[in-house]
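This report concerns only the one structure given below.
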Amino acid sequence: MRSISIVGQKLLNMAQAAGEMLALLAETLYFTKEAPRNLPSITRQMSDIGIGTLPIAMLLSLFVGMVLSLQTGSELALYGTQEAIGSIVGLSMVRELGPMMTSLLVAGRIGSAMAAEVGAMKVYEEIDALRTLEINPVRYLAMPRLIACVFAVPALVIFADLVGIVGGGMIAAVNPKINVPFSVYYDNLVRSLDYMEVLKGLLKSFVFGGIIAQVGCYVGFKTTGGARGIGESTTRSVVVSFVLIMIANYFLTRFMM
Amino acid sequence: MADKQDPRSPVTRFLGALGNGTQVGDLWTKLSHGFTATLMEGQDKLIRYEDSHGGLGIHIEALNKSFNGNPVLKNINLEILPGETFSLIGPSGTGKSVLLKHIVKLLMPDSGKIYIDGHDIHSQERAPRNYRYSMVFQSSALFNSLTVGENVGLWLREKRVCAEKQIRQIIREKLSLVGLDGKEEMMTSELSGGMKKRVAIARSLAMNPDLILYDEPTAELDPVTSDELAKVIIGLKEKVRLTTVIVSHDLNFALYLSDRIGMMHDGQVVEIGTPQQIKQSQNPIVRGFIYTTTKGIKGEDH
């Protein structure tokens with residue numbers, strides 16, 4: 001009986017958190033009309049997310065593209081169909097790996113930092129101070145982060161896709177087992193990859209960016225309990241973002257098929 | 001004076017440094033506080049900076065508040081007069097800060113009313129006339145990503161109260177009032193605890209408030225810095241006529257500054273009087289508090 005009560009309480013807590021997160025999203029979207037006032041804050045956030053994450057995102061996608069090409073190319077070579085490697089790497093990077101890997105990276109790197117920063121502001125009364133200065137914390141803190149994330153994550157994904165595809169092409173060309181020249185790899189890639197595929201991938205990353213910002217800010221606003229609470233918020237934001245990104249990825253993929 | 005690292009990017013620092021007088025710098029300063037601020041400049045503003053009423057009365061009626069079933073405020077009735085300096089004293093955990101947070105609407109009461117200038121602050125009705133209040137937090141609550149000047153001018157810029165040139169003038173004036181002339185460009189991480197408190201006071205004063213509330217202003221400060229802060233608050237009282245409410249467990253600080261003092265114990269106001277009346281009170285709770293805070297040296301008669 002007690003275990004049922006615990007499960008029930010957990011479900012109620014989840015429902016409450018989901019409701020609060022949606023309310024925060026509605027309020028944040030409402031304040032996007034005041035985005036021009038917060039342009040400096042938005043550009044600073046975009047710079048943190050975009051320029052700060054770009055090197056590691058490119059390195060990650062380079063190796064993902066290389067491994068993908070190596071694994072798939074060697075298998076295809078067994079059947080003599082390794083020329084299809086261009087379309088396989090391209091579609092995988094653009095549809096799934098680029099948006100997913102980059103978003104998870106941003107969730108780990110930026111989402112956690114957002115939760116920690118907003119959480120520290122909550123714990124050290126800075127959010128209360130904003131309220132007494134008649135400044136809405138959602139407008140001042142959450143809205144710039146949401147806008148920055150929904151634009152910076154797709155921008156990062158474009159670079160990640162490109163680097164991953166180039167990495168795959170390099171391996172396809174230099175690996176003696178696969179041995180597909182870059183021109184063949186490229187021709188195969190552009191034949192199978194149209195603009196809609198790229199747009200679908202970017203739409204996914206747009207949604208993932210929104211999830212990262214909303215979760216980071218929501219968890220930050222709910223932080224209590226000093227330094228330990230800030231630490232817990234950091235971890236929670238990463239876990240919740242990962243789970244929501246995975247769930248959203250399935251439904252977006254299904255919807256866009 | 002701990003960390004002297006400036007968290008702003010080199011570009012921001014460079015453009016910020018250009019801010020004094022040059023065209024590029026002025027443009028950057030305007031842009032960095034929002035396009036609308038630039039567009040609005042010189043037009044009619046919603047908030048008139050001068051319309052402070054110079055002190056508001058606070059009337060608290062049967063106020064109750066509980067957290068998780070634990071009563072923190074029990075039937076508080078209190079009258080704070082316009083323009084007076086009123087201190088709430090008492091040991092930690094007696095509900096002083098909670099009461100303060102109700103006055104600035106950071107918390108909602110379970111029951112009871114708070115009237116400021118005759119208006120129930122928790123009602124949905126608009127106040128008959130606009131008034132402003134500000135609060136100096138125990139932790140100072142300065143924004144670390146902003147400079148001292150940006151912290152002080154935050155409300156002015158966010159509310160587009162006046163032109164950028166006037167905002168800079170107000171920032172200089174308010175920093176001068178708290179003895180921090182020329183510190184506009186410093187980062188808050190470069191400040192000592194006492195300086196942070198003074199910046200927080202300057203930030204509150206920049207709102208030109210009718211009511212200012214201090215939550216434990218001397219917490220974590222050494223006696224010398226506390227004394228300096230007391231002088232700053234007394235100096236302000238002489239220059240700016242506003243209602244001041246101070247929450248403190250520092251009895252000497254409260255006795256030195258206040259027109260009247262309220263003693264809180266276990267969520268209730270148990271005694272109210274002038275500093276002299278509080279010192280001479282026969283209430284055992286007040287006597288006990290005075291005794292524990294002025295014990296003197298062990299073995300000596302007191």
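Note that these values count all heavy atoms, side chains included, but never hydrogens, waters or copies made by symmetry. Letters go in sequence order (proteins before strands), and every chain restarts at 1.
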Original post:
Listed by residue number, which members of residues 111-123 of chain A have a heavy atom under 4.5 Å from any heavy atom of chain B?
Top reply: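 Residues Met121(A) are the ones that qualify, each having a heavy atom under 4.5 Å from chain B.
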Original post:
Can you tell me if NZ on Lys183(B) sees more than 12 non-hydrogen neighbours from other groups inside 6.0 Å?
Top reply: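 Check fails, neighbour count at 12 or below.
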Original post:
Does atom OH of Tyr30(A) have more than 12 heavy-atom neighbours, drawn from other residues, nucleotides or ligands, at distances under 6.0 Å?
Top reply: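 Check fails, neighbour count at 12 or below.
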Original post:
If only atom types and distance count, is the side chain of Ser139(B) paired as donor or acceptor with the main-chain N or O of Tyr124(A) below 3.5 Å?
Top reply: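 Present.
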Original post:
Is it the backbone or the side chain of Leu130(A) that comes under 4.5 Å from a heavy atom of chain B, or both, or neither?
Top reply: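 The answer is both parts of Leu130(A).
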Subject >> Side chain, backbone, both or neither of Arg139(A) within contact of chain B (heavy atoms, under 4.5 Å) >> reply: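 Just its side chain gets close to chain B.
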Subject >> Residue pair Thr132(A) / Met207(B): nearest heavy atoms and the distance that separates them >> reply: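 Smallest heavy-atom distance, with atoms named: O-CE, 3.6 Å.
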Original post:
Which heavy atom in Glu134(A) sits nearest to a heavy atom in Arg132(B), and how many Å separate them?
Top reply: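 Heavy atoms of Glu134(A) and Arg132(B) come nearest at OE2-CG, 4.3 Å.
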If you measure from [atom1] on [X] to [atom2] on [Y], what distance do you get to the nearest 0.5 Å?
X: Phe137(B); Y: Asp128(A); atom1: CZ; atom2: CG; answer: 5.0 Å
X: Ile135(A); Y: Phe143(B); atom1: CD1; atom2: CZ; answer: 6.5 Å
X: Glu126(A); Y: Ser140(B); atom1: CD; atom2: OG; answer: 10.0 Å

Subject >> Proximity breakdown for Leu213(B) and chain A, heavy-atom pairs closer than 4.5 Å >> reply: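 For Leu213(B), no heavy atom lies under 4.5 Å from chain A.
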Subject >> Positions in residues 97-109 of chain B that reach chain A, provided some heavy atom is under 4.5 Å away >> reply: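 Result: Lys101(B), Val104(B), Leu106(B).
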**OP:** Using the test side chain to side chain contact (heavy atoms under 4.5 Å, CB included), find all partners of Asn249(A) that sit at least two apart in sequence or belong to another chain.
**Re:**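 Result, side chain to side chain contact (heavy atoms under 4.5 Å, CB included) vs Asn249(A): Glu96(A), Met100(A), Lys204(A), Phe208(A), Thr253(A).
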Subject >> Residues in side chain to side chain contact (heavy atoms under 4.5 Å, CB included) contact with Ala107(A), at least two apart in sequence or another chain >> reply: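 Testing Ala107(A) for side chain to side chain contact (heavy atoms under 4.5 Å, CB included), a comparison that skips the adjacent residues, returns Ile212(A), Ser241(A), Phe242(A), Ile245(A).
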Original post:
Is there a side-chain contact between Leu133(A) and Arg203(B), using heavy atoms and a 4.5 Å cut-off?
Top reply: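 Yes. Closest side-chain heavy atoms under 4.5 Å.
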Original post:
Do the charged groups of Arg37(A) and Glu158(B) touch, with an N to O distance under 4.0 Å?
Top reply: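 Looking at Glu158(B) together with Arg37(A), the answer is yes, because their closest N to O distance falls below 4.0 Å.
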